[in-house]
Amino acid sequence: DACLGYIKRQDLHMCASHYKEISDALMHAMSRNLNSYIRHIANLSQKNAIERVSSYLVFLYNTHPNHEIEHNCINDSLSRVELAEMLGITQRTLIRCLNKLKQDNYITINRHGFSIHDIDTLENISSGNY
């Protein structure tokens with residue numbers, strides 16, 4: 001289920017100019033998005049492929065509502081091609097990294113996503129401490 005609202009641009013500008021809270025909330029949301037993009041670019045430039053993949057898996061784990069359930073499947077709606085492009089690696093490299101993490105029993109790969117078995121090790125890998 002989804003709900004969609006629409007506000008005309010001029011109405012939004014008028015509200016933002018009259019109510020400082022709206023303007024502050026919009027600025028805060030935009031700066032949060034900008035910080036997220038900056039972190040993503042830093043990850044792409046400073047991390048190797050396995051660190052990037054591990055970072056993504058840690059992100060999925062941390063944002064999944066039921067991540068505390070052991071071996072719970074974390075759904076991932078991205079295709080392998082989309083994920084590789086997002087991480088700035090080739091699809092072949094992505095698959096190699098996922099298979100390496102699977103071989104080491106840190107994750108399990110299934111049709112709908114991943115099961116995380118060792119989040120601590122994935123966090124260490126993503127920060128370059130492995």
Side-chain angles (χ1 to χ4, degrees):
D1 291 345
C3 235
L4 179 65
Y6 173 77
I7 299 174
K8 292 181 181 176
R9 181 180 292 166
Q10 68 256 20
D11 292 340
L12 180 62
H13 285 287
M14 185 181 70
C15 286
S17 66
H18 284 82
Y19 299 99
K20 185 179 181 323
E21 300 85 15
I22 293 174
S23 178
D24 290 346
L26 289 172
M27 262 318 217
H28 183 69
M30 287 188 294
S31 67
R32 191 173 47 239
N33 285 343
L34 183 59
N35 285 334
S36 178
Y37 292 128
I38 290 169
R39 278 192 307 275
H40 181 64
I41 290 169
N43 280 341
L44 291 179
S45 65
Q46 297 172 353
K47 292 185 176 185
N48 64 33
I50 193 85
E51 291 169 349
R52 293 177 193 184
V53 173
S54 295
S55 292
Y56 178 73
L57 293 170
V58 168
F59 169 78
L60 276 183
Y61 179 85
N62 288 334
T63 58
H64 191 268
N66 295 319
H67 70 262
E68 68 279 353
I69 300 172
E70 189 174 347
H71 307 304
N72 185 45
C73 177
I74 299 175
N75 291 334
D76 184 17
S77 59
L78 295 177
S79 71
R80 297 295 182 249
V81 173
E82 293 168 330
L83 181 54
E85 287 176 1
M86 185 183 82
L87 296 176
I89 58 179
T90 65
Q91 186 178 0
R92 180 178 289 177
T93 300
L94 171 66
I95 291 168
R96 265 196 309 258
C97 291
L98 289 173
N99 285 334
K100 170 74 173 131
L101 294 172
K102 181 181 172 188
Q103 275 181 338
D104 293 342
N105 203 32
Y106 303 140
I107 66 169
T108 302
I109 304 169
N110 56 51
R111 278 180 73 171
H112 302 289
F114 308 95
S115 294
I116 309 289
H117 303 297
D118 190 347
I119 189 63
D120 294 331
T121 301
L122 288 177
E123 287 173 340
N124 284 334
I125 293 170
S126 71
S127 63
N129 300 325
Y130 64 98

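Note that the structure is predicted; figures quoted are calculated from it, not measured.
Residues passing the side chain to side chain contact (heavy atoms under 4.5 Å, CB included) test with Ile109, sequence neighbours excluded: Arg80, Leu98, Asn99, Lys102, Ile107, Phe114. Looking at residues two or more places apart in sequence or on another chain, you find a side chain to side chain contact (heavy atoms under 4.5 Å, CB included) between Thr108 and Ser115, His117. In this structure, the side chain to side chain contact (heavy atoms under 4.5 Å, CB included) partners of Thr93, at least two apart in sequence or on a different chain, are Ala49, Ile89, Thr90, Arg96, Cys97. Residues satisfying the side chain to side chain contact (heavy atoms under 4.5 Å, CB included) test with Glu82, not counting sequence neighbours, are Leu78, Ser79. When the side chain to side chain donor-acceptor pair (under 3.5 Å) test is applied to Lys100, the partners found at least two apart in sequence or on another chain are Asp104. Residues passing the side chain to side chain donor-acceptor pair (under 3.5 Å) test with Lys20, sequence neighbours excluded: Asp24. Applying the side chain to side chain donor-acceptor pair (under 3.5 Å) rule to Asn129 yields the partners Ser127; only residues at least two apart in sequence or on another chain are considered. Listed by chain and number, the residues in a side chain to side chain donor-acceptor pair (under 3.5 Å) with Asn110 amount to none (sequence neighbours excluded).
Contact annotation: the side chain of Tyr61 never approaches that of Leu57 to less than 4.5 Å [non-hydrogen atoms, C-beta and beyond]. In this structure, Ile50 and Leu101 have side chains that are in contact, with non-hydrogen atoms separated by less than 4.5 Å.
Apart from Leu12 itself, the hydrophobic cluster it occupies contains Ile7, Tyr19, Ile22, Leu26, where clustering links Ile, Leu, Val, Met, Phe, Trp and Tyr at side-chain heavy-atom distances under 4.5 Å. With side-chain heavy atoms closer than 4.5 Å counting as contact, directly or through intermediates, Met14 stands alone and belongs to no larger hydrophobic cluster.
Scanning both residues, Ala16 and Ser23, for their nearest heavy atoms gives O-CB, 3.6 Å. Across all their heavy atoms, Glu51 and Ile125 have their closest contact at CG-O, 3.1 Å. Taking all atoms of both residues into account, the shortest heavy-atom contact from Ser126 to Lys47 is O-NZ, 2.8 Å.
Taken together through direct or relayed side-chain contacts under 4.5 Å among Ile, Leu, Val, Met, Phe, Trp and Tyr, Val81 and Tyr56 form parts of separate hydrophobic clusters. Residue Ile74 is grouped with residue Leu83 when hydrophobic side chains (ILVMFWY) are merged at heavy-atom distances under 4.5 angstrom, including chains of intermediate members.
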- [ ] For Ser54 and Glu123, run side chain to side chain contact (heavy atoms under 4.5 Å, CB included): C-alpha distance rounded to whole Å, both residues' side-chain angles, the deciding distance at 0.1 Å, then the answer.
- [x] CA-CA 7 Å; Ser54 295; Glu123 287 173 340; over 6 Å; no
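Pairs passing the salt bridge (charged side-chain N to carboxylate O under 4.0 Å, His left out) check and including a residue from residues 4-19, sequence neighbours excluded, do not occur. Applying the salt bridge (charged side-chain N to carboxylate O under 4.0 Å, His left out) definition to pairs two or more places apart or across chains, none involves residues 107-120.
Within the model, atoms OH of Tyr106 and OG1 of Thr121 stand 5.0 Å from one another, a figure rounded to the nearest 0.5 Å.
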